[in-house]
Amino acid sequence: MKTLIRKELREIIILAVIGFGIFTFLLVQVYRSSTAFFANLALGQTGWMGDDNVQPLLGSFPKLAMVCCAIFGAILGWLQVHNERHRDLWAFLIHRPLSRTKIFFAKVIAGLCLYVVGAGLPLLGVIVMIRIPGHIAAPFEWAMVLPVTAYFLSGIVYYFAGLLTGLRQARWYASRGLGLGVAILVSVTVANVPDFWRALFLILLGGAIVATAAWGSFMSNGYYDGQPLLGRRALATSLMLGGFIVVMFVMVLLGSLVPNSFRESFHWSRYQMTKDGEIYKMTQPAGKPLQITELNGAPLKDTKTGRPITLTDFNRLADSESGIQADFEDQAQYQKRHQGRYMESSHFFTLWRQTPDTLWYWNQNGRLWGYDIASRRFIGSLGPSGFTPGLATGPDRFSRPEGKEGHGNGYYDSSYPAQTLMTDTVVYKLNLENRTASIFFAATNNNRIGGALDVSSKGYDWNNTIVVTREFVQLMTPDGKLVWQMPYVPAYPAYNGVTVSFLEATNRFTLWLNANDQTNKMMGWTLPSRVVWLASGQGVLESTNLPSLSGYRGWTPPLTERLLRSVVPPAFYSAPVFLHGMDVFRDFPWKDLLISVVAAVVCAVVGWLLCQRYHFSAGARLKWAGFHLLFGLPGLLGFLCVQEWPAREACPNCKKLRVVDREKCEHCGANFAPPETNGTEVFEPLTAVK
Amino acid sequence: MNEQPVIRTQGLTRYFGAKPAVYDLNLEVPRGCVFAFLGRNGSGKTTTIRMLLGLLQPTRGEGRILGHDIRSLPPEARARIGYLTEEHQLYGWMNVNECGDFQSRFYPRWNEKIFHGVIGHFSLKPTARVKDLSRGERAGLCLGLTLAPEPELLILDDPAMGLDPVAHRSLIESMIYLTRRSDRTIFFSSHQLADVERVADYIAILDRSVLRVCCPLETFRNSVQQVRLRFPGAPPPVPKIPGLLQAFRAEGELRFICLHYDEATERALQALAPTQMERVPINLEDAFISYLGERGEKSFILSETEAQP
């Protein structure tokens with residue numbers, strides 16, 4: 001086996017070297033663009049800064065790794081077999097006193113070693129570079145390596161899919177490349193699962209399926225017949241998954257033939273206040289133009305033209321709003337719920353503020369980590385108890401900054417006037433120049449803080465902080481003075497939407513308290529929105545309740561998506577449970593599942609008839625019927641891909657057509673007739689030569 | 001000596017699509033013989049060999065080689081079987097020595113002397129790369145790699161294809177050398193009938209996927225007879241003659257090649273009233289061509305004789 005491994009290594013090392021060179025070049029380019037970004041910051045240039053942008057391990061590297069590892073893995077696997085697909089060379093490889101499994105493993109061991117060299121070493125190199133202080137002015141944790149690790153491991157699935165593609169005895173335009181579908185599905189799901197362990201599970205599962213299919217194909221010279229049972233099952237599953245992608249692609253193509261098939265339509269309705277304090281209703285009917293009406297239903301008209309007002313004009317009148325989703329749960333719980341997926345930067349940090357010479361990141365441990373822009377080195381961390389030069393940890397921690405929770409697209413807006421961070425009971429004002437944290441607001445009497453948000457309005461002298469406690473909603477000036485305070489009624493948790501807007505014309509404020517959708521839905525969308533008008537030093541001026549509009553909210557998927565949903569196999573409807581937990585049952589697409597089940601039943605009937613054509617045993621028919629019921633149309637495609645269309649010939653006994661791969665006629669049990677003689681036969685018993 | 005046949009097939013059949021490549025092959029190859037497996041291109045020889053070695057799954061039927069089921073040949077059986085492919089494919093990046101070194105590590109009975117003897121016979125430089133070798137040289141290297149493990153059963157798939165006469169002769173000499181040991185069996189397919197005539201004990205002929213001949217070489221040669229009939233003038237039209245394979249018309253004579261020549265055949269020929277009738281020796285190549293050319297590919301002369309009223 002060692003000899004074969006050495007042979008394989010030597011045979012394809014050139015490919016590994018080429019892959020190593022190309023991947024290294026691309027990674028270095030991306031790495032250089034990241035470091036150039038910090039160099040520009042040091043020169044005083046500003047620009048768009050995303051969390052992904054500052055830490056390439058969470059932005060550009062995973063994307064590059066996804067593409068490069070997939071291509072490299074697939075080509076490596078395919079070429080490793082393709083080089084020996086010549087009939088005689090294949091015989092030279094196979095016909096030796098070594099089991100095929102060992103020969104296969106020798107190939108795989110060599111292939112994976114070279115994959116590690118070609119794809120793993122360049123990745124390791126850049127990770128080490130990023131880990132060394134002074135290169136990237138952003139937090140580094142080893143867990144940040146997981147996204148590129150996931151894509152690197154996904155490349156192994158592509159490797160086995162490449163092997164399978166090279167091994168299969170099938171037409172290119174039919175099923176040979178379908179094994180790659182498994183790898184593509186793995187890539188897609190790996191990018192969308194919340195945790196690395198789920199990604200790893202999917203990689204292992206996908207890898208095991210394709211590797212077993214490749215092994216089975218290797219055992220039978222690329223044919224389905226003659227494979228071990230495990231190999232046959234894995235191959236059918238692989239091709240079914242590939243067939244799923246093909247079916248999806250065909251559905252998109254079909255959908256594209258229908259006009260507007262990609263257009264989706266939303267319908268919703270909400271209230272919008274203007275700067276002068278008037279409330280209007282915006283209604284978006286499905287597939288129709290937006291309507292802006294007064295509360296009595298009369299269309300709002302443009303005073304100049306007398307026609308219904310356009311959205312653009314209306315937006316000029318609209319007030320400036322800032323909202324908080326109040327949450328009084330424990331910080332750790334809150335943070336866990338709002339932590340992004342393992343691939344997202346928000347899973348680790350949020351770029352909170354930039355000063356002329358430092359970048360400050362809110363980190364998952366609740367402290368602000370400071371990085372010097374010029375040296376790109378860590379300078380220390382700032383917590384509620386002050387600044388320390390190290391990575392201090394402890395119970396004192398800031399909550400996740402409001403307005404940046406878990407959406408996965410962390411951003412830094414230089415106009416964002418973030419000044420404060422909060423804990424469960426205290427809002428701190430941070431002075432990053434002096435690296436100090438001072439108490440801005442403290443909750444009293446065991447009260448808790450459900451949210452704090454620094455808000456401003458460009459061009460206006462309005463730069464305040466909203467603080468929501470269990471008892472009050474209050475607006476405070478930057479120096480800590482109370483602008484107004486209003487009892488938090490109706491209260492949390494039914495009402496967790498707190499929105500404050502500034503009415504420029506009257507120098508007033510409005511406070512909106514909106515019910516959370518989940519509770520409102522349970523109550524039959526009967527919880528109204530509470531609107532309160534306030535003024536500095538005068539308290540509540542007036543208030544009103546507006547009927548809930550949240551119930552009129554929905555989305556009609558585009559035709560293409562509806563087509564796609566109809567071909568998703570019933571078994572795949574369990575995938576969201578794996579990806580997102582039992583929460584999915586709240587909005588489970590039962591209608592889509594029903595369509596999918598009906599389609600699968602049709603496929604099972606077709607499959608049953610095909611099995612009759614193949615003259616399978618009753619057990620085999622039942623197994624295939626189960627397969628088709630679970631996997632629907634893709635399952636049927638997988639079946640057709642693995643089963644060669646059976647040749648048939650007339651039985652000399654019963655005259656019926658019989659399949660040629662049985663020893664006896666399936667109709668009458670007769671043997672095959674010997675070839676007809678033509679009088680030219682010369683047979684004589686042979687004896688051993690002494 | 002073990003009297004079990006080294007190869008035995010029963011109803012071995014392989015379809016490609018709806019077309020049978022090998023149909024209901026029942027074959028037994030005795031131990032210690034040189035067995036020639038003959039047939040026209042596409043008759044199913046290579047398919048049979050590939051099935052015997054487990055490189056292709058039979059559609060139905062079964063086979064055993066050295067007592068092992070061909071569907072699951074164990075490594076120890078493969079160690080006892082040498083296989084020389086028809087196109088002599090090897091890894092182009094290896095040199096001759098590396099090929100030997102590579103192959104030797106798998107075979108416990110690897111005989112370095114035989115390997116070097118064969119490559120010396122073909123004048124191969126040990127450092128020459130496979131991709132730079134001529135077809136004949138590559139065949140020699142393949143032969144060395146196949147013979148050095150000292151296999152009990154040697155399967156050669158048209159080993160002389162594309163070889164020049166010198167390389168061809170070397171190959172045959174190597175085969176003869178190998179058969180000096182009585183427990184060795186050689187099963188080979190070939191279109192070189194002179195080679196077959198020289199070395200084979202038994203022959204089998206596949207005709208359009210069906211085995212029609214399986215007998216000692218001499219039996220086949222005796223079954224095919226050539227008879228020359230002379231006439232004073234133009235020969236008469238050829239009547240229906242039992243076992244007629246081919247008939248050749250020339251000025252004042254008719255030449256018949258017949259299978260299973262017996263009294264009935266002789267009577268039918270006498271009925272043509274020739275002035276002279278004599279048996280003419282026939283070599284294997286002519287016998288073989290006549291045998292396989294009779295159906296579907298009638299000779300020009302035979303066509304002409306049939307066309308006459």
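Lettering follows sequence order; numbering is per chain, from 1.
Heavy atoms from other residues, nucleotides or ligands lying under 6.0 Å from CZ of A/Phe105 number 12 at most. More than 12 heavy-atom neighbours from other residues, nucleotides or ligands sit within 6.0 angstrom of CD on A/Gln612.
Using a 4.5 Å cut-off between heavy atoms, B/Arg50 touches chain A through its side chain atoms alone. When heavy atoms are compared at a cutoff of 4.5 Å, B/Ile81 approaches chain A by way of both its backbone and its side chain. In this structure, chain B has no heavy atom under 4.5 Å from any part of A/Arg648. Contacts between A/Gln227 and chain B at a heavy-atom distance below 4.5 Å are absent for every atom of the residue. Contacts of A/Asp225 with chain B are made by backbone atoms alone, with heavy-atom separations under 4.5 Å and no side-chain atom involved. Residue contact with chain A, scored on non-hydrogen atoms closer than 4.5 Å, is absent for B/Ile205. A/Phe672 touches chain B through its side chain: at least one heavy atom from C-beta onward sits under 4.5 Å away, while N, CA, C and O do not. Both the backbone and the side chain of A/Glu11 come within less than 4.5 Å of a heavy atom in chain B. When heavy atoms are compared at a cutoff of 4.5 Å, A/His95 approaches chain B by way of both its backbone and its side chain. Neither the backbone nor the side chain of B/Ser72 comes within contact range of chain A; no heavy atoms are under 4.5 Å apart. For B/Leu211, the parts lying near chain A are the backbone and the side chain together; criterion is any non-hydrogen pair under 4.5 Å. Contacts between B/Tyr91 and chain A at a heavy-atom distance below 4.5 Å involve backbone atoms as well as side-chain atoms.
Residue A/Ser99 comes nearest to B/Pro75 through the heavy atom pair N-CG, 3.5 Å, listed as atom of the first residue, atom of the second, then distance.
Contacts with chain B were tallied for A/Lys102, A/Arg10, A/Lys2, A/Glu649; A/Arg10 has the most, counting heavy-atom pairs under 4.5 Å. Of the listed residues (B/Gly54, B/Pro74, B/Pro108, B/Pro58), the one with the most heavy-atom contacts under 4.5 Å to chain A is B/Gly54. Ranked by non-hydrogen atom pairs under 4.5 Å with chain A, the options B/Glu86, B/Arg71, B/Glu28, B/Glu62 are led by B/Glu86. Of the residues considered (B/Cys214, B/Ala204, B/Pro149), B/Cys214 shows the highest number of contacts with chain A, using heavy-atom pairs under 4.5 Å. The choice from A/Pro675, A/Gly226, A/Pro674 that makes the most heavy-atom pairs within less than 4.5 Å of chain B is A/Pro675. Ranked by heavy-atom pairs under 4.5 Å with chain A, the first of B/Gly61, B/Pro20, B/Gly11 is B/Gly61.
Formation of a donor-acceptor pair under 3.5 Å by the B/Gln57 side chain with backbone atoms of A/Ser220 is not found in this model. Under a 3.5 Å cut-off, the side chain of A/Asp88 and the backbone N or O of B/Thr85 do not form any donor-acceptor pair.
A salt bridge is absent between A/Lys7 and B/Glu98: the closest approach of a Lys/Arg side-chain nitrogen to an acidic carboxylate oxygen does not fall below 4.0 angstrom. One finds a salt bridge joining B/Arg212 and A/Glu681 here, because a Lys/Arg side-chain nitrogen approaches an Asp/Glu carboxylate oxygen to under 4.0 Å.
Here the CZ atom belonging to B/Arg78 is positioned 7.5 Å from the CD1 atom belonging to A/Ile94, to the nearest 0.5 angstrom. With rounding to the nearest 0.5 angstrom, the CZ atom of A/Arg6 is 8.0 Å from the CG atom of B/Asp101.
B/Tyr107 has its side chain within reach of A/Pro97: a pair of non-hydrogen atoms, C-beta onward, lies under 4.5 Å apart. The shortest distance between side-chain heavy atoms of A/Arg96 and B/Arg105 does not fall below 4.5 Å. Within the 4.5 Å cutoff, the side chain of B/Phe106 has heavy atoms near those of the A/Leu98 side chain. Within the 4.5 Å cutoff, side-chain heavy atoms of B/Thr219 are placed close to those of A/Val682. In this structure, the side chains of B/Tyr15 and A/Asp661 stay at 4.5 Å or more apart for every pair of heavy atoms.
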Next on the checklist: Using the rule given for side-chain contact (heavy atoms from CB on, under 4.5 Å), can you reason through A/Glu84 versus B/Gln89, listing the C-alpha separation, both sets of side-chain angles and the distance that settles it, and then say yes or no?
Outcome noted: CA-CA 10 Å; A/Glu84 286 169 325; B/Gln89 289 282 330; over 6 Å; no
Item to check | Residue pair A/Arg87, B/Leu55: steps toward the side-chain contact (heavy atoms from CB on, under 4.5 Å) verdict | outcome: CA-CA 9 Å; A/Arg87 195 172 69 178; B/Leu55 299 169; over 6 Å; no
Checklist entry - Hey, mind stepping through A/Thr3 and B/Phe102 against side-chain contact (heavy atoms from CB on, under 4.5 Å) and telling me if it holds? => result CA-CA 7 Å; A/Thr3 309; B/Phe102 172 70; 3.5 Å; yes
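For the residue pair B/Tyr202 and A/Glu684, no side-chain donor N or O sits within less than 3.5 Å of a side-chain acceptor on the partner.
Annotation: cation-pi pair B/Arg138/A/Phe92 absent, no NZ/CZ under 6.0 Å from the ring centroid and within 45° of its normal.
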